[in-house]
Amino acid sequence: QLPDLWFSIIMIVAGLVVVWYVASKLFTFKDVGEAVAVGLVWLVIAAVLDYLILVLGFNGGDLSVYTWSFWVGYAIILLLPSALVLMKKK
């Protein structure tokens, strides 16, 4: 399953770049708490849309679509805004 692994890694990196760009260009976070709140909102939106579209829409309710790459993507969505705040403080 090496092609699937490489595709997942490429998509995670692409997602990381997109979230970093959006967070750094569109938002000016005052502190880590605000960044965490924004990350949580993004996470909830992504999780609900993933469930509605990918699980219910395309897989008939089968949760096997949630692989490690989904969880890594959710962690990136949650943690990256906070990381941007901490990098700007240095």
Side-chain angles (χ1 to χ4, degrees):
Q1 303 301 334
L2 195 56
D4 292 339
L5 175 64
W6 280 111
F7 179 75
S8 294
I9 291 170
I10 290 168
M11 292 307 295
I12 287 171
V13 170
L16 178 63
V17 169
V18 168
V19 173
W20 172 81
Y21 180 80
V22 169
S24 66
K25 299 296 180 186
L26 296 181
F27 293 97
T28 304
F29 302 113
K30 296 176 185 153
D31 56 22
V32 175
E34 184 178 292
V36 168
V38 169
L40 281 171
V41 169
W42 289 356
L43 177 63
V44 168
I45 291 169
V48 168
L49 289 175
D50 283 344
Y51 182 75
L52 291 175
I53 295 169
L54 297 175
V55 174
L56 293 181
F58 290 119
N59 289 316
D62 182 15
L63 295 175
S64 66
V65 70
Y66 285 109
T67 60
W68 64 271
S69 60
F70 272 81
W71 303 113
V72 170
Y74 290 156
I76 289 170
I77 290 170
L78 180 61
L79 298 175
L80 191 68
S82 300
L84 289 172
V85 171
L86 295 175
M87 288 189 315
K88 284 184 181 181
K89 286 185 178 181
K90 287 185 175 185

Q: Could you check Y51 against L63 for side chain to side chain contact (heavy atoms under 4.5 Å, CB included), going step by step and ending with a plain yes or no?
A: CA-CA 9 Å; Y51 182 75; L63 295 175; 3.9 Å; yes

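Here L56 contributes atom CG and D62 contributes atom CG; the two are 11.0 Å apart, rounded to the nearest 0.5 Å.
The hydrophobic cluster containing W71 also contains V18, counting ILVMFWY residues as joined when their side-chain heavy atoms lie under 4.5 angstrom apart, directly or transitively. The hydrophobic cluster containing V48 also contains F58, counting ILVMFWY residues as joined when their side-chain heavy atoms lie under 4.5 angstrom apart, directly or transitively. V17 and L43 are not part of a single hydrophobic cluster, where members link through side-chain heavy atoms under 4.5 Å apart.
The aromatic rings of F70 and Y74 sit perpendicular, their planes meeting at an angle over 60°, well past the 30° parallel limit.
Closest heavy-atom contact between P81 and G39: CG-CA, 4.2 Å. Across M87 and W20, no two heavy atoms sit closer than the pair CE-NE1, 4.5 Å. Closest non-hydrogen pair, I12 versus I76, comes out as CG2-CD1, 3.6 Å. Among all heavy-atom pairs drawn from W42 and F27, the shortest one is CZ2-CE1, 3.2 Å.
Screening V44, V19, L40 for a side-chain contact (heavy atoms from CB on, under 4.5 Å) with L78, the sole residue that qualifies is L40.
No side-chain heavy atom of S69 sits under 4.5 Å from any side-chain heavy atom of F7.
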